[in-house]
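Quantities reported herein were computed from a predicted structural model and do not represent experimental measurements. Position 1 is the first residue of the sequence, and the numbers go up from there. Worth knowing before you read on, the calculation uses all heavy atoms, side chains too, and leaves out hydrogens, waters and symmetry mates.
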Amino acid sequence: MAGYILRRIVSTIAVMALVGIFVFLLLRLAPGDPAAMIAGRSATEEMIAGIREQLGLNDPMPVQFMRWVRDMLGGDFGTSIFAGRPVLELISQRLEPTLSLSILTMILSVTVGVSFGIFAAWRTGGLVDRLLTAFSAFGYSVPVFVIGYFLIYFFAIKTHWLPVQGYVEIERGLGPWFEHLVLPTVALSLGFIAFIARVTRASMLEVLSEDYMRTAAAKGASSYAMLFHHALKNAGVPILTVIGISFAYLIGGVVLTETVFNIPGIGRLVVDAINNRDYPIIQSVLILTSGLYVLINLAVDLAYTLIDPRIRY
């Protein structure tokens, strides 16, 4: 196990190095000049050249890249070109809305998705299975922004049951905080619920057809024991995999959902940074989310051995 963890850490460092090179080149080769955007439309060529020199954009790309990596390894993720404040400070201020939305989404998605998958497999071919399969197809195929605007129209504009947009910090009360997160959480969760439910159903059906499940039934095991003690435990590896992948891909859905519901989280920060070509913010968010992605994958791989002791590295 120790050798496996060491190999994964080395591969993680290699992956992050490649991601860093890709992100740096992608932003530098994209059209547009941040110095010109900072200077404004009425700026002269001399003013733009001065800003480029001040930002270090006239240096060769390898020099810019090595300077960026050196500062980042030292904990300095740079200063926002437009806000003029440290990038980590801006990210930390936007972290609470994004974490709140992500955690609620994963709790709802895993709870409902796994439950749907188990019951659909247990009643395969029946009405419940067909309804849950149709719901999964709907949730998996409809874009987040369509669901978001639908929820806003019926539950905020028409009925006034919930706030239309915005975010309330948790320190101002759990009630207002939760009310503002209900609609974005539901909009973002539907796709993940469908994804997790379909994988759970398929994995459970495979396990339920095994001989040891028929033996357990012949011995008089209860439905609860068969589903949750025997079947779910042995079907856990693919379910855990898809949960890990879903959490890692959540950031993509968060960006769109925060935009639709006007939530001032990291997603909105990235959108604003892209519009302003604020390199330090874009680079930092991409690197941090990529690091989170590889760490989640590592944690999922290590968790396999806890679910299935037969797995050894």
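- Under the ring-ring contact (aromatic ring centres under 6.0 Å, His included) criterion, the residue pairs touching residues 195-218 are Tyr140-Phe195, with sequence neighbours excluded.
- Applying the ring-ring contact (aromatic ring centres under 6.0 Å, His included) test to pairs two or more places apart or on separate chains, those with a residue in residues 113-136 are Phe116-Phe135.
- Taking CZ from Arg198 and CD1 from Ile193, the interatomic distance works out to 14.0 Å, rounded to the nearest 0.5 Å.
- Between the OG1 atom in Thr257 and the CG atom in Leu181 there is a gap of 11.5 Å [rounded to 0.5 Å].
- Between the Ser209 side chain and the Glu206 main chain, a donor and an acceptor come within less than 3.5 Å of each other.
- Using a 4.5 Å heavy-atom threshold, the side chains of Thr79 and Val87 count as separate.
- Between Phe65 and Phe24, the angle of the ring planes goes over 60°, which puts this pair in the perpendicular group of the 30/60° scheme.
- Residues Pro97 and Arg94 share a closest heavy-atom pair of CD-O, 3.4 Å.
- Residues forming a side chain to side chain donor-acceptor pair (under 3.5 Å) with Thr241 (at least two apart in sequence, or on another chain): Tyr304.
- Checking side-chain atoms of Thr289 against main-chain N and O of Leu286 turns up a donor-acceptor pair under 3.5 Å.
- Linking Ile, Leu, Val, Met, Phe, Trp and Tyr whenever their side-chain heavy atoms come within less than 4.5 Å leaves Met72 and Leu295 in two separate clusters.
- Applying the salt bridge (Lys or Arg N to Asp or Glu O under 4.0 Å) test to Asp71 and every residue at least two apart in sequence or in another chain returns nothing.
- You'll find the ring centres of Phe154 and Phe150 inside the 6.0 Å limit.
- With Arg201 as reference, Asp129 is the one residue of Ile196, Asp129, Ile118 to meet the side-chain contact (heavy atoms from CB on, under 4.5 Å) rule.
- If you take CD1 on Ile266 and CG on Leu99, they are separated by 6.5 Å, rounding to the nearest 0.5 Å.
- Annotation for Ile107: hydrophobic cluster partners, listed by chain and number, are Ile103 (ILVMFWY side-chain heavy atoms under 4.5 Å, direct or chained).
- Sorted by first and then second residue, the pairs that involve residues 76-85 and meet salt bridge (Lys or Arg N to Asp or Glu O under 4.0 Å), not counting sequence neighbours, are Arg85-Glu89.
- In summary, the side chains of Glu53 and Asn58 do present a donor paired with an acceptor at a separation below 3.5 Å, with no hydrogens or angles considered.
- You'll find the side chain of Arg268 stays beyond 4.5 Å of the side chain of Ile263, heavy atoms only.
- Take Asp211 and apply the side chain to side chain donor-acceptor pair (under 3.5 Å) test, not counting sequence neighbours, and it matches Arg214.
- We find the CZ-CG distance between Phe77 and Leu88 to be 5.5 Å, quoted to the nearest 0.5 Å.
- As a member of the Ile/Leu/Val/Met/Phe/Trp/Tyr network built from side-chain separations under 4.5 Å, Leu18 groups with nothing else and remains a singleton.
- For the pair Val260/Val144, no side-chain contact is recorded, criterion being any heavy-atom separation below 4.5 Å from C-beta on.
- One distance of note links CZ of Phe261 with CD of Gln165; it measures 8.0 Å at 0.5 Å rounding.
- For Arg130, the salt bridge (Lys or Arg N to Asp or Glu O under 4.0 Å) criterion is met by no residue, not counting sequence neighbours.
- Within the structure, no pair that satisfies the side-chain hydrogen bond (donor to acceptor under 3.5 Å, both in side chains) test touches residues 178-193, not counting sequence neighbours.
- In Phe178, the CZ atom is not crowded: 12 or fewer heavy atoms of neighbouring residues, nucleotides or ligands sit closer than 6.0 Å.
- The closest donor-acceptor contact from the side chain of Asn262 to the backbone of Glu258 lies at 3.5 Å or more, if one exists at all.
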Show the atom names and distances, to 0.1 Å, of all donor-acceptor pairs under 3.5 Å that link a side chain in residues 166-173 to residues at least two apart or in another chain.
residue: Tyr167; atom: OH; partner: Glu96; partner atom: OE2; Å: 2.6
residue: Tyr167; atom: OH; partner: Ser100; partner atom: OG; Å: 3.4
residue: Tyr167; atom: OH; partner: Trp177; partner atom: NE1; Å: 3.3

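- With rounding to the nearest 0.5 angstrom, the CG atom of Leu127 is 9.0 Å from the CG atom of Leu132.
- Between Ser11 and Ile13 there is no side-chain heavy-atom pair separated by less than 4.5 Å.
- Cluster note: Val10 groups with no other residue, as no ILVMFWY side-chain heavy atom lies under 4.5 Å from it.
- Of all heavy-atom pairs spanning Gly267 and Thr98, the tightest one is N-OG1, 4.2 Å.
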Verify side-chain contact (heavy atoms from CB on, under 4.5 Å) between Ile91 and Leu269, making sure each step is shown before the conclusion.
CA-CA 8 Å; Ile91 292 176; Leu269 179 67; 4.0 Å; yes
